[in-house]
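Because the structure is a prediction, the values reported are computed rather than measured.
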Amino acid sequence: MCGIVGVVSTAPVNQLVYDALLLLQHRGQDAAGIVTQQGRKFFMHKAKGMVRDVFRTRNMRALPGTVGLGQVRYPTAGNAYSEEEAQPFYVNAPFGLVLVHNGNLTNAQSLRAELFSTDHRHTNTESDSEVLLNVFAHELERATRGVPLQTEDVFAAVRAVHRRVKGSYAVIALIAGHGLVAFRDPHGIRPLCMGRSPEGTVMVGSESVALEGTNHVFERDIQPGEAVFITDDGTVHAQQCADSPQLNPCIFEFVYLARPDSVLDGISVYQARLNLGEALAKRVISTVPPNEIDVIIPIPESSRPSATQLAHLLGIPYREGFVKNRYVGRTFIMPGQGVRKKSVRQKLNVIASEFKGRNVLLVDDSIVRGTTSREIVQMARDAGARKVYLASAAPPVRYPNVYGIDMPTSSELVAHGRTVEEVRQSIGCDALIYQDVNGMKKAVGSLNGRIEGFDASCFDGVYVTGDITAQDIARLNEGRVGMEEQQEEDTSRLALPNAQDA
């Protein structure tokens, strides 16, 4: 999961790109980078850390130019601990290219071999984004064949990328001296939209909130398989470059990833979460009689809309019972110390009066590993709750995600291979209520009839690109083995700046 933005303007864009990245910080906290273009020269700064920490005044002054792009990264492929894998990535030929990417290539391994043996291009990191950049660079070189770049050459290169690359990818790239190109995979798994400011600046970004928060008027989503080429003078060209595009956005964007004030592919994220709460109400009633629930309490932050709607429909009081510490910092490793895992109790504190002597229904947006849920349930009991019920606005997460969400291996997923009753026993709550898959898809899909389906692979095990095998899952899981033990920082969802905090 990453956040990306690109800008073409007649004024300096360094501050504009910075501001847009702040609005997308919820999509990635591991690293940040900005590149700007002045004339035909690129200026770049990138490093590990949050946007506010990576960019100081001296860094911003060293980013001149009226065209630029940026990324905030949450690693899902490659080496999470390498500064070299922070984006943007750069290659000098053809023309000079820089690229940012949100998503995950499922055939990166075979592409890396092709680049070396057939295309004679070198990659220096384990990042699939560097692979994608080199594939695009190779295809752009083939399309131009040594002659001046034409708009149609850009679209021809993107068409060739679609034929070679599998997986999810929302991409923004700069071609030195020519313009900015943005494109989306043929399934539209990861989001990408564009808009314009009153002054004529054109912006492309992962979520509409990045546009609106920087005084740009949202114009439209970039369609699955579509490429948009914005020349340095702000002229916009667009063309469909995929043979059989289908809109299958990632449903986890609406469940948790995106900010609630964003609109993705014509769907209000906030309204989607309200709808999920409405659908969840029917599931709750069939499991726990409403008269046995005294209060409904959300687990901060993105479960709040669902919990609010659930409480309204059931006629049960809604209360805030947890206070989130927004300033949980990194865990520093001193000589002779191992990694210290932060407890949930450092990230959340209970308001005991909301729990004491009550039957409490806790609402979360989803349950992944179950370790956080287990500790929160115990916190509610320690605060005096008589009974603790837990409801998830999403179905059980049973399968790994291969399209750019940092989802654990199957063995780490609490619902993988377990019944709901077994999960309930593992978490320790008195009742566990999950959303069902069809109810989730209907709740979100009803908001846009144009959507042909969703990537809901972590819930239903159906991978929309159709190229994922058990061997692929095993290979992707290998890259995660031991990853948790190596973490220097706590990157669990409760430790991150949530969509509603960003």
Side-chain angles (χ1 to χ4, degrees), residues 1-7 20-21 23-28 69-74 76 87 99-105 129 132 162 167-173 180-195 202-214 216-228 238 240 242 245-273 302 365 401-406 441 444-445 447-448 450-458 464-465 499 502:
M1 169 177 83
C2 300
I4 59 176
V5 63
V7 180
L21 290 182
L23 291 163
L24 295 173
Q25 185 75 87
H26 60 285
R27 299 189 67 86
L69 52 76
Q71 192 228 32
V72 287
R73 178 181 187 241
Y74 192 83
T76 55
Q87 296 185 36
L99 175 145
V100 290
H101 161 222
N102 175 32
N104 196 53
L105 306 190
S129 301
L132 182 54
H162 288 330
S168 66
Y169 48 97
V171 173
I172 306 174
L180 178 150
V181 58
F183 56 94
R184 205 171 167 196
D185 72 75
H187 288 275
I189 298 172
R190 301 263 74 86
L192 198 61
C193 61
M194 63 181 294
V202 182
M203 177 178 284
V204 180
S206 292
E207 294 185 31
S208 62
V209 69
L211 279 59
E212 293 160 354
T214 53
H216 290 73
V217 177
F218 171 86
E219 289 186 351
R220 66 181 183 89
D221 295 287
I222 293 176
Q223 297 304 303
E226 183 185 22
V228 173
Q240 177 56 252
Q246 285 186 310
L247 183 54
N248 302 127
C250 172
I251 205 162
F252 212 72
E253 292 277 357
F254 302 97
V255 169
Y256 172 73
L257 298 181
R259 272 182 47 152
D261 45 345
S262 282
V263 176
L264 308 181
D265 291 311
I267 295 176
S268 159
V269 174
Y270 183 75
Q271 186 61 54
R273 291 175 186 169
S302 51
D365 53 79
N401 184 285
V402 301
Y403 298 128
I405 302 175
D406 185 32
K441 291 179 179 179
V444 181
L447 297 172
N448 184 356
R450 294 188 305 105
I451 291 180
E452 300 167 59
F454 292 96
D455 165 57
S457 51
C458 55
V464 295
T465 54

| note | Smallest heavy-atom separation, V228 atom then A238 atom, equals CG2-CB, 4.1 Å

| query | What distance do L69 atom CG and I172 atom CD1 have between them, rounded to the nearest 0.5 Å? | reply | 6.5 Å

| message | Under 3.5 Å, is there a donor on one side chain and an acceptor on the other for Y403 and T465? | response | yes

| With a 4.5 Å limit on heavy-atom distance, are the side chains of P245 and Q223 in contact? | no

| Minimum-distance pair of heavy atoms, taken over all atoms of P191 and L264 | CB-CD2, 4.1 Å

| field | Test side-chain contact (heavy atoms from CB on, under 4.5 Å) applied to C193 and L211, step by step | value | CA-CA 9 Å; C193 61; L211 279 59; 4.1 Å; yes

| query | Of all heavy-atom pairs between R450 and D265, which one has the smallest distance, and what is that distance? | reply | NH2-O, 4.4 Å

| Are D365 and S302 close enough that a side-chain donor and a side-chain acceptor fall under 3.5 Å? | yes

| field | Beyond-backbone contact of H26 with M1, side-chain heavy atoms, under 4.5 angstrom | value | no

| From N401 CG over to N104 CG, what is the distance, rounded to the nearest 0.5 angstrom? | 8.0 Å

| task | Measure the shortest side-chain to side-chain distance between M194 and R220 over non-hydrogen atoms and say whether it is less than 4.5 angstrom. | result | yes

| field | Distance (rounded to the nearest 0.5 Å) between I251 CD1 and L257 CG | value | 11.5 Å

| remark: Q87 and L99 have their tightest heavy-atom pair at OE1-O, 4.0 Å

| query | Any side-chain heavy-atom pair from V171 and L132 closer than 4.5 angstrom? | reply | yes

| Taking side chain as C-beta onward, heavy atoms only, is S208 less than 4.5 Å from S262? | yes

| task | Measure from the side-chain N and O atoms of S206 to the backbone N and O of I4, and report whether any donor-acceptor pair falls under 3.5 Å. | result | yes

| request: Just do the side-chain contact (heavy atoms from CB on, under 4.5 Å) check on E226 and R184 with the steps written out, would you? | output: CA-CA 6 Å; E226 183 185 22; R184 205 171 167 196; over 6 Å; no

| Proximity of Y169 and H162 rings by center, below 6.0 Å | yes

| message | Counting C-beta onward and ignoring hydrogens, is there a side-chain heavy-atom pair between R273 and V269 closer than 4.5 Å? | response | yes

| task | Give a yes or no on whether the backbone of P224 and the side-chain of Q240 come within a donor-acceptor separation of less than 3.5 Å. | result | yes

| query | Any side-chain heavy atom of I267 sitting closer than 4.5 Å to one from F254? | reply | yes

| note | OG1 of T214 to CG of L21, rounded to nearest 0.5 Å, is 10.5 Å

| said: Between I405 and C250, does the side-chain contact (heavy atoms from CB on, under 4.5 Å) criterion hold? Intermediate values first, please. | reply: CA-CA 10 Å; I405 302 175; C250 172; 3.7 Å; yes

| query | Is it true that a side-chain atom of E212 and a backbone atom of V217 form a donor plus acceptor pair closer than 3.5 Å? | reply | no

| Rounded distance [0.5 Å steps], CG in L192 versus CG in D221 | 8.5 Å

| request: Return yes if a side-chain donor-acceptor contact under 3.5 Å exists between H187 and E452, otherwise no. | output: no

| said: Can you give me the closest heavy-atom contact between D185 and S168, atom names plus distance? | reply: OD2-CA, 3.4 Å

| CG on D261 to CD on E207, rounded to 0.5 Å | 8.0 Å

| field | Nearest non-hydrogen partners of V464 and D455, listed with the distance | value | CG1-CA, 3.9 Å

| task | Determine whether V204 and V5 make a side-chain contact, defined as any pair of heavy atoms from C-beta on separated by less than 4.5 Å. | result | no

| message | Pair V444, F454 - check side-chain contact (heavy atoms from CB on, under 4.5 Å), show working. | response | CA-CA 9 Å; V444 181; F454 292 96; 3.7 Å; yes

| Less than 4.0 Å between a side-chain N and a carboxylate O, is that true for E253 and R259? | no

